[in-house]
Amino acid sequence: LPKSRSGPKGFGFLRWRGVLTTGRVRSIVIVGGGTAGWMTAAALARVLGPDYADIHLIESDAIGTVGVGEATIPQINVFNRMLGIDENDFVRRTKGSFKLGIEFVDWGGIGQRYFHPFGDYGIDMEGVSFHSYWMRMAKAGEFTDVNDFSLMARAAYDGKFMRPIDAGNSPLSRIAYAFHFDAGLYAAYLRELAETAGARRTEGRIVDIERDGDSGHIAAAKLESGERIEGELFIDCSGFRGLLIGETLGVPYIDWRNFLPCDRAVALPCERLDSLPPYTRSTAHKAGWQWRIPLQHRIGNGHVYCSEYMSDDEAAAILTDNLDGAPLGDPRVIRFTTGHRQRFWEGNCVSIGLSAGFMEPLESTSIWMIQTGIARLLSNFPDKSFAAADRDRYNRLMVEESEFIRDFLVLHYHATTRDDSAFWDYCRNMPIPERLAEKMRVFENSGRTFREHDELFNDTSWFAVMLGQQLPVRAYDPVADLLSFEETHKRLAHIRDAVRNSADYMPAHDAYIAENCAA
Ligand code: FAD
């Protein structure tokens, strides 16, 4: 160490308390090879590399993966860039398509539909949000379709797609997009990246977990074959059962079914559509909702429902009756409990993916939760002391992230005029988290929406869903009177035309895929 300049005990301006480091973690064991396991392995191998630590993933072919999880949000682009993924190769190999947002059908009321686009509406003017000006105009009967101000919404409905280009102020510079992909192919793709970057894989069923007698930390996983795999840091990616975090360490699960009552899904892929819509569709039914995810080789479909209000047979029948193509296989029921682990990280075990929690796929947020779990693990990476400081911070951030997303999802269920079933009666009247209730009161008073701190969904997303779910509004934001009516009108007309021209300029989604990334 360099000599201290500030006295014998100092080191620069830092005052060290004890050892400089207790030693770095040199072996990481990832339990599970679904989307969570392979995303984690690929990211850790890429960022830390095999010279830093041995990265060893265990998965069981006999147990398999959950096999769903095929729609994403634009933040996945950050993850892909971090892994150095060639995007066209990625879409081709996962038989994927591009996604510009989600269409919600029959949510606010039967017969209604709205679009939750990625990106923003228009552009903020004089420091006031665009949607405040839009509300002022819409109240006067002008520009009443908010989709006219989102290139993502317009292009989605026109079946258009391209990546953003450098086009100055044009909306074409701000195209926000994500992907739909085949979950099985995605895990295989990530596995290749992880193994290329130095991660190891062992196939086999874990039958026992050994713990250290003193610390209670996990010491090793024992496989059916008799093999014993030791590690210092364990990452639980074992899916809903939470083999390490739940079954071994006993970390309780916080049950959110009072807010998000759906607890089952029936999945059934069908033949693909003639042309690929660049968006996910979510259609509300009597006791839940149905997803439609268009891929190059098939459509992913599923019906999420609440078992208290609907039987598995009825849910499967509704799904089968509402497919866009001939079914491929038989319906498969998946059970879940919405909520999360009280602590995502316990001792030397971090849970990532379904083992850590699940909030249903309404806004495609689970893969994001995996991504943010990995990013936060890396930025709070432990040494062998597994200090409470790192763990506590990680746990606080992950719980906050989950609660913000939960509030946004609850909004979809609660802010509805649907009264056609006992399920919707429950959702309309259920107690909701206070922070969401406050957001709804603010919107109802002035049409204002806010992003709190670091929350995932921004004010545009909140606005799209509150408007789409038909929350009543008393008045528009008074600050939107800042510009004269004529000036506001002129600027909105200009933005609408720019969006329209940009959508016209974009190629068809099918043509874009055929040219760049057809499977
Ligand atoms: P799994 O896929 O279940 O993987 C668990 C792994 O652990 C497997 O490899 C298994 O073999 C292994 N394992 C378990 N026990 C053992 C053992 N004893 N020994 C060895 N190995 C073991 N997310 C989105 O972002 N977008 C979506 O559109 C979306 N839709 C969804 C729809 C539904 C109905 C559900 C349920 C989830 C959806 N998700 C979605 C979530 C997404 O599917 C998951 O977040 C993602 O697949 C991660 O799952 P996982 O890797 O944690 O678990």
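Just so you know, these numbers come straight off a predicted model, no measurement behind them. All ligand and atom numbering here is 1-based and tracks the order in the structure.
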Distance under 4.0 Å to a non-hydrogen atom of W291: what atoms of ligand 1 satisfy this?
32 (C), 34 (C)
Got an N/O contact under 3.5 Å between L354 and ligand 1?
yes
Inspect the surroundings of CG in D61 and state if more than 12 heavy atoms from other residues, nucleotides or ligands are less than 6.0 Å away.
yes
Quick one: which ligand 1 atoms are inside 4.0 Å of a heavy atom on I370?
45 (O), 48 (C)
Other residues, nucleotides and ligands only: do more than 12 of their heavy atoms fall within 6.0 Å of CG on D321?
yes
Would you say the rings of Y157 and Y279 are close, in the sense that their centroids are separated by under 6.0 Å?
yes
Ligand 1 N/O within reach of A36 N/O, cut-off under 3.5 Å
yes
Answer yes or no for R241: is there a heavy-atom contact with ligand 1 below 4.0 Å?
yes
Heavy atoms only, cut-off 4.0 Å: how does L243 contact ligand 1, side chain, backbone, both, or neither?
side chain
Compute the ring centroids of F386 and H217, then answer whether they are less than 6.0 Å apart.
yes
Considering F336, W38, W368, F358, which one's heavy-atom position lies nearest to atom 35 (C) of ligand 1?
F358
Check whether more than 12 heavy atoms from other residues, nucleotides or ligands sit under 6.0 Å from atom CZ of R393, and answer yes or no.
no
Atoms in ligand 1 with a heavy atom of T65 nearer than 4.0 Å:
2 (O), 9 (O)
Centres of the F118 and Y177 rings: under 6.0 Å?
no
Would you say the side chain of P382 lies within less than 4.5 Å of the side chain of W345, judging by non-hydrogen atoms?
yes
For E308, look at atom CD and say whether over 12 heavy atoms of other residues, nucleotides or ligands are found less than 6.0 Å away.
no
Please list, in number order, the atoms of ligand 1 under 4.0 Å from a heavy atom of R205.
19 (N)
Which is it for A265 and ligand 1 at heavy atoms under 4.0 Å: side chain, backbone, both or neither?
side chain
Quick one, R391 and V350 - any side-chain contact, counting heavy atoms below 4.5 Å?
no
Test the K286-W424 pair against the cation-pi criterion, namely NZ or CZ under 6.0 angstrom from the six-membered ring centroid and within 45° of the ring axis.
no
I need the nearest protein heavy-atom contact for atom 41 (C) of ligand 1: residue, atom name and distance, please.
S366 CB, 3.3 Å
Please state whether the rings of F104 and H116 are parallel, tilted or perpendicular, taking 30° and 60° as the class boundaries.
parallel
Just say parallel, tilted or perpendicular for the rings of F423 and Y413, cut-offs at 30° and 60°.
perpendicular
Pick one of side chain, backbone, both or neither for how E360 approaches ligand 1, counting any non-hydrogen atom pair under 4.0 Å.
neither
Report the nearest protein non-hydrogen atom to atom 46 (C) of ligand 1: residue, atom name, distance rounded to 0.1 Å.
T35 CB, 3.8 Å
Protein contact of atom 28 (O) of ligand 1 - nearest heavy atom, named by residue and atom, plus distance
A71 N, 3.3 Å
Note the single closest protein heavy atom to atom 39 (N) of ligand 1, along with its residue, its atom name and the distance in Å.
G69 CA, 3.7 Å
Whether C237 lies under 4.0 Å from ligand 1, heavy atom
yes
Output yes when the distance from some N or O of ligand 1 to some N or O of S355 is under 3.5 Å, and no in every other case.
no
Distance from atom 1 (P) of ligand 1 to nearest protein heavy atom, with residue and atom
V66 N, 3.7 Å
Side-chain heavy atoms of K99 within contact of P74, under 4.5 Å
no
Tell me, please: is G204 in heavy-atom contact with ligand 1, that is, under 4.0 Å?
yes
Checking a contact table here: which protein heavy atom is nearest atom 17 (C) of ligand 1, and how many Å away?
I63 CD1, 3.4 Å
Kindly identify the option in G64, S238, G239 whose heavy atom sits closest to atom 10 (C) of ligand 1.
G64
Note the single closest protein heavy atom to atom 25 (O) of ligand 1, along with its residue, its atom name and the distance in Å.
I367 N, 2.8 Å
Among all protein non-hydrogen atoms, which one is nearest to atom 9 (O) of ligand 1, and what is the separation to 0.1 Å?
G33 N, 2.8 Å
Option among H412, Q112, R113 that satisfies the side chain to side chain contact (heavy atoms under 4.5 Å, CB included) test with W107
H412
Looking at S364, which atoms of ligand 1 are within less than 4.0 Å of one of its heavy atoms?
25 (O), 26 (N)
Numbering as shown, the atoms of ligand 1 that approach G353 to under 4.0 Å (heavy-atom distance)
52 (O)
